[in-house]
> 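Structure incoming, see below.
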Amino acid sequence: MLRRNIAAVLGVMVFSLSSLIADTGMNVKVNGCKGPVLCSNFPMLSDCEDCCHTWHVDVGLLYQQPGFSGMNAGICYSTPFVHETGALFQNQVVTNLTQCFDYDPGLTVSLGHLFMHDDWFLLARFDWLSTSIGNRVYEDNQAEYKPNANFDTGVLPASFSSTDIFTKIKYGADMDIYTLDVLLSRGAFLSKCYSFEPFAGVKAAWFDANQNANYYNATEFPGGSYAIFKELRSNWGVGPMFGFNGEYNFTQGFALFSDSDIAVLYGEASRTITSILTNSSDVAAERKITNQTKYDCQYYVPVRTILGVKLSRYCLEDNHYLAVKIGYDARALVSYTNTENGYVMSGLYLNFLWDF
């Protein structure tokens, strides 16, 4: 009797376990995927060990507005004679002419491979954006200007007092941003409709940022000379990265997604500031002062989050999975050794995915 009871219990356990395995292995998920695991980056087409559905490709558009720390054309005073005192002094509105780039297009591309024996997903992702602004002119007869705080007035002639004010500014800047991520992930369903995908890997980032401002004062430089402030920056860093992707599938073909990551990078940075007084009929030769600084031990902390909607479908007998992601992308990179080595960037994220 005891043996029969034990056999019955074991039979129920085996049947329950086989049912559970069958359910997790073959149950079709909300998005149409089969299998116990679903990576947000790679929805599995089936749980077949011999299937060749292991490759992922995506190409996307970044239409975003970047800006780097320390972008400043100068300081504007709303009323002339700001440097005077006593009877000539007037109340002022002082404006720092901080800058930001316009929205510009960038590129994001990825290549991934799924290891079917254990459902691990390897992805390499590259982002690039280049942006610039031409000559932004600040000139107001009712206002006066002072240079960027880093401008070295030592290049100016003795007749130009430190209390003198410029009457016009022309400002320009450019920036190039590159990031490369190599990550390993494995996703799963947390509930019937929600899948999550933690990942870890390596991030590399490098970016160059340049700005220049031309300062004019016809009274001090009647011969056509003008003062120039130039700043050139070069930065790079490499380090570990951690992140989390999530997807909430409302129905097959429609989901909300979120992709976030954070990293700690170690690298180098260099900064060159040049102050110039151009030659003219009143200035016999160009004057230049160059200040160079190199940061050999530079730490960066990049943070990024993308939120949006995902539209997808299986096609060609479920042998291909096509999707488009549309969302808002916000990222920032802050530095430790020199706080002016960072940047921010945000805007449209549009990505087309193909899994096969």
> Consider only side-chain heavy atoms of I, L, V, M, F, W and Y, link residues closer than 4.5 Å, and tell whether Trp236 and Val202 are in one cluster.
yes

> Should Trp206 and Ser234 count as side-chain neighbours, where that means a heavy-atom distance under 4.5 Å?
no

> Same cluster for Leu256 and Leu311 if Ile/Leu/Val/Met/Phe/Trp/Tyr side chains link at under 4.5 Å?
yes

> Taking atom types as modelled and ignoring hydrogens, do the side chains of Gln298 and Asn235 form a donor-acceptor contact shorter than 3.5 angstrom?
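No, Asn235 and Gln298 have no side-chain donor paired with an acceptor closer than 3.5 Å.
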
> Can you tell me if Thr278 uses its side chain to pair, donor with acceptor, with the backbone of Ser225 under 3.5 Å?
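No; judged by distance alone, with no hydrogens or angles, the pair does not exist.
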
> If you measure from OG on Ser185 to CG on Asn245, what distance do you get to the nearest 0.5 Å?
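So the OG of Ser185 and the CG of Asn245 are separated by 7.0 Å.
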
> Checking Asn210 side chain against Leu232 main chain: does a donor-acceptor pair fall under 3.5 Å?
no

> Minimum heavy-atom separation for Leu62 to Leu129, with atom names?
O-CD1, 4.3 Å

> Without swapping roles, check the side chain of Tyr215 against the backbone of Asn148 for a donor-acceptor pair under 3.5 Å.
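Judged by distance alone, yes, a pair lies under 3.5 Å.
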
> How many angstroms lie between CZ in Phe68 and SG in Cys100, if you round to the nearest 0.5 Å?
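Reported to 0.5 Å precision, the distance equals 10.0 Å.
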
> Indicate, with yes or no, if Leu350 and Val109 share a hydrophobic cluster defined by side-chain heavy-atom contacts under 4.5 Å among Ile, Leu, Val, Met, Phe, Trp and Tyr.
no

> Would you kindly say whether Asp176 and Ser130 are connected by a side-chain donor-acceptor distance under 3.5 Å?
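There is such a pair (donor and acceptor under 3.5 Å, judged by atom type) between the side chains of Asp176 and Ser130.
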
> From Glu286 CD over to Asn279 CG, what is the distance, rounded to the nearest 0.5 angstrom?
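Going from the CD atom of Glu286 to the CG atom of Asn279 covers 6.5 Å.
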
> Indicate yes or no for a side-chain donor-acceptor contact from Glu231 to the backbone of Phe229 under 3.5 Å, with no hydrogens or angles considered.
no

> Hey, is the main chain of Glu268 close enough, under 3.5 Å, to the side chain of Tyr300 for a donor-acceptor pair?
yes

> Hydrophobic clusters here meaning ILVMFWY residues chained together by side-chain heavy-atom distances under 4.5 Å, can you tell me if Phe257 and Leu353 are in one?
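No, Phe257 and Leu353 fall in different hydrophobic clusters.
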
> Do Ile289 and Ile273 come close enough that some side-chain heavy atom pair is under 4.5 Å?
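No; the side chains remain at least 4.5 Å from each other.
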
> From Ile165 CD1 over to Asn217 CG, what is the distance, rounded to the nearest 0.5 angstrom?
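With rounding to 0.5 Å, CD1 (Ile165) is 9.0 Å from CG (Asn217).
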
> What's the spacing between His56 NE2 and Phe121 CZ if we round to 0.5 Å?
5.0 Å

> Nearest heavy-atom pair of Val155 and Leu277: which atoms, and what distance?
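Where Val155 meets Leu277 most closely, the heavy atoms are O-CD2, 3.6 Å.
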
> Taking 4.0 angstrom as the limit, do Asp259 and Arg125 come out as a salt bridge?
no

> Looking just at side-chain N and O atoms, do Thr131 and Asp104 make a donor-acceptor pair shorter than 3.5 Å?
yes

> I'd like to know if Lys203 and Asp261 make a salt bridge, using a cut-off of under 4.0 Å between side-chain N and carboxylate O.
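Counted as a salt bridge, because a side-chain N and a carboxylate O are separated by less than 4.0 Å.
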
> Kindly compute the distance separating CG (Asp355) from OH (Tyr321), expressed to the nearest 0.5 Å.
7.0 Å

> Please check: side-chain N/O of Ser78 versus main-chain N/O of Val93, any donor-acceptor pairing under 3.5 Å?
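Answer holds: yes.
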
> For Gly60, does its backbone N or O pair with a side-chain atom of Asn351 as donor and acceptor, under 3.5 Å?
yes

> With ring pair (Phe, Tyr, Trp, His ring centres under 6.0 Å) as the test, would you mind laying out the steps for Tyr145 and Phe166 before giving the verdict?
CA-CA 5 Å; Tyr145 306 95; Phe166 292 96; 9.3 Å; no

> Assess whether a salt bridge exists between Arg331 and Asp329, defined as any Lys/Arg side-chain N lying under 4.0 Å from an Asp/Glu carboxylate O.
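Looking at Arg331 and Asp329, the cut-off is met.
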
> Using the benzene-type ring in the case of Trp, are the ring centres of Phe356 and Trp354 under 6.0 Å apart?
yes

> Is it true that a side-chain atom of Asn249 and a backbone atom of Thr251 form a donor plus acceptor pair closer than 3.5 Å?
no

> Can you check whether Glu197's main-chain N or O pairs, donor with acceptor, with Glu247's side chain at less than 3.5 Å?
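No, Glu247 side chain to Glu197 backbone: no donor-acceptor pair under 3.5 Å.
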
